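The structure appears below as structure tokens.
Each chain gets a letter, A, B and so on, in the order the sequences are listed, and its residues count up from 1. Scope of the values below: all heavy atoms of this structure, side chains included, with no hydrogens, waters or symmetry mates. All values reported here derive from a predicted model rather than from experimental measurement.
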Number of protein chains: 2
Amino acid sequence: MRITQEADYALRAIYYLSTLEEGTKASANVIARSQNIPLRFLLKLLQKLRNAGLVESYMGVNGGYALSRKPKDISFLDVIEAIDGPVYINRCLYDPESCNNLGVEKCSIHKALHQIQENLKKDLSSINFQQVLDDTELDGTEYEEV
Amino acid sequence: MRITQEADYALRAIYYLSTLEEGTKASANVIARSQNIPLRFLLKLLQKLRNAGLVESYMGVNGGYALSRKPKDISFLDVIEAIDGPVYINRCLYDPESCNNLGVEKCSIHKALHQIQENLKKDLSSINFQQVLDDTELDGTEYEEV
DNA sequence: TAAATGTACACCAAGTTAGTATAATATTAA
DNA sequence: TTAATATTATACTAACTTGGTGTACATTTA
């Protein structure tokens with residue numbers, strides 16, 4: 001019932017790109033060091049984000065990666081599904097044909113799980129990176145704990 | 001981001017026991033056949049449910065398993081955590097000490113994930129087996145589709 | 001053309017999952 | 001008291017997933 005470490009890294013990579021001025025690139029090296037992500041692993045993961053259309057990449061000297069949309073238009077669900085594939089909380093909900101019970105339609109258990117899954121996906125898609133940025137700023141500055 | 005097949009089986013086993021008269025036992029064999037679960041695997045999984053206090057077991061001839069509480073007092077979360085362990089949607093939320101970013105407190109990403117996790121757990125704990133029973137009865141009889 | 005960058009593909013160790021196998025123990029009924 | 005029916009305990013395993021690493025190549029800029 002958890003996201004992979006790779007998806008966690010991806011969230012942090014997208015977060016880092018969100019902190020930059022719109023359109024600014026960052027190299028994998030810089031992202032890796034700033035977020036404490038193994039470089040090789042990050043490079044591979046960035047390809048998935050690129051294939052999903054979340055980032056753009058630029059080769060060569062001064063190359064790097066930049067968001068292809070504004071932070072407010074990228075949700076946690078976008079990132080997690082780009083890396084881990086579709087979110088589904090049990091087998092039968094992914095491939096109802098292979099369900100060895102009665103399938104999603106007939107089985108009350110799976111119907112209930114389906115509802116929970118949809119709530120989860122809604123939650124994940126309702127949070128975007130602008131919100132995370134705003135939250136971070138609040139924490140560090142204005143509202144310092146006393 | 002999914003429950004194991006074992007947890008799915010466990011939900012179905014508990015569901016089956018919920019359909020019985022209160023206090024009635026069923027043997028692992030009967031449960032296995034009725035829910036299409038591999039017997040050996042079911043036997044092992046029933047131990048976990050027993051250790052978690054969800055079912056009681058009886059050895060010997062006419063032995064078997066029975067719920068230790070009423071269906072309405074057993075939630076999906078109870079069953080899933082009995083089998084898969086605590087629900088947490090990423091590593092850092094389970095063991096914040098080993099977080100290689102800033103930990104749940106400092107990192108906005110992990111704070112957001114934590115909120116989503118709590119919603120998920122609330123959802124899973126809000127559904128119990130009496131509800132599933134009721135839903136099943138509605139389906140099969142009164143409300144048959146035309 | 002050298003240096004800095006991303007891309008592509010292959011490989012691998014460790015852990016997890018979904019089981020299976022075997023033998024022992026407890027209870028009941030004949 | 002023995003046979004049959006159950007659960008319990010322990011150990012094993014094949015396949016898959018995860019979280020990486022290694023090597024070689026392609027592109028861009030100075």
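Listed for the Ser68(A) side chain is a donor-acceptor partner under 3.5 Å among the backbone atoms of Leu54(A). For the pair Asp78(A) (side chain) and Ser125(A) (backbone), a donor-acceptor distance under 3.5 Å is absent. For the pair Ser75(A) (side chain) and Asn128(A) (backbone), a donor-acceptor distance under 3.5 Å is absent.
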Distances under 3.5 Å only, N/O to N/O: pair up the protein atoms with those of nucleotides 26-30 of chain D.
| from | atom 1 | to | atom 2 | distance (Å) |
| --- | --- | --- | --- | --- |
| dT28(D) | O2 | Val61(A) | N | 3.2 |

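For the residue pair Tyr15(A) and Thr136(A), a side-chain donor N or O sits within less than 3.5 Å of a side-chain acceptor on the partner. Between the side chains of Gln130(B) and Asp134(B), a donor-acceptor pair is found at a separation under 3.5 Å.
Nucleotide dT7(C) holds its C1' atom 8 Å from the OH atom of Tyr65(A), rounded to whole Å. Here dT7(D) presents its C1' atom at 15 Å from CD of Glu56(B), a figure rounded to the nearest Å. Note: CG (Asp84(A)) to P (dT18(D)) measures 7 Å, nearest angstrom. Atom CG of Asn29(B) and atom P of dT7(D) are 8 Å apart (whole Å). Remark: C1' of dT18(D) and CZ of Arg2(A) are 13 Å apart, rounded to the nearest angstrom. Counting to the nearest Å, the P atom of dG19(C) and the CG atom of Asp8(B) are 11 Å from each other. Taking atom CD of Gln5(B) as the reference point, atom C1' of dA15(D) lies 15 Å away to the nearest angstrom.
Residues from residues 33-52 of chain A that place a heavy atom under 4.0 Å from any atom of DNA chain D, listed by number: Pro38(A), Arg40(A), Phe41(A), Lys44(A).
Relative to the ring axis of Tyr88(A), Arg2(B) places its NZ or CZ within 45° and under 6.0 Å from the centre.
Taking the six-membered ring for Trp and the full ring otherwise, Tyr65(A) and Tyr58(A) have centroids separated by 6.0 Å or more.
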How far apart are the C-alpha atoms of Asn101(B) and Asn36(A), what are their side-chain angles, what is the distance that settles it, and do they pass the side-chain contact (heavy atoms from CB on, under 4.5 Å) test? CA-CA 7 Å; Asn101(B) 202 0; Asn36(A) 200 19; over 6 Å; no

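Distances shown here put a side-chain N or O of Ser57(A) below 4.0 Å from the OP1 or OP2 atom of dT7(C).
Of the two residues contacting DNA chain C, namely Tyr9(B) and Tyr58(B), the nearest-nucleotide position lying further toward the 5' end is that of Tyr9(B).
Backbone-only contact: Arg91(A) has heavy atoms under 4.0 Å from sugar-phosphate atoms and none from a base.
There is no path of hydrophobic side-chain contacts, each under 4.5 Å, that joins Ile31(A) to Val61(A).
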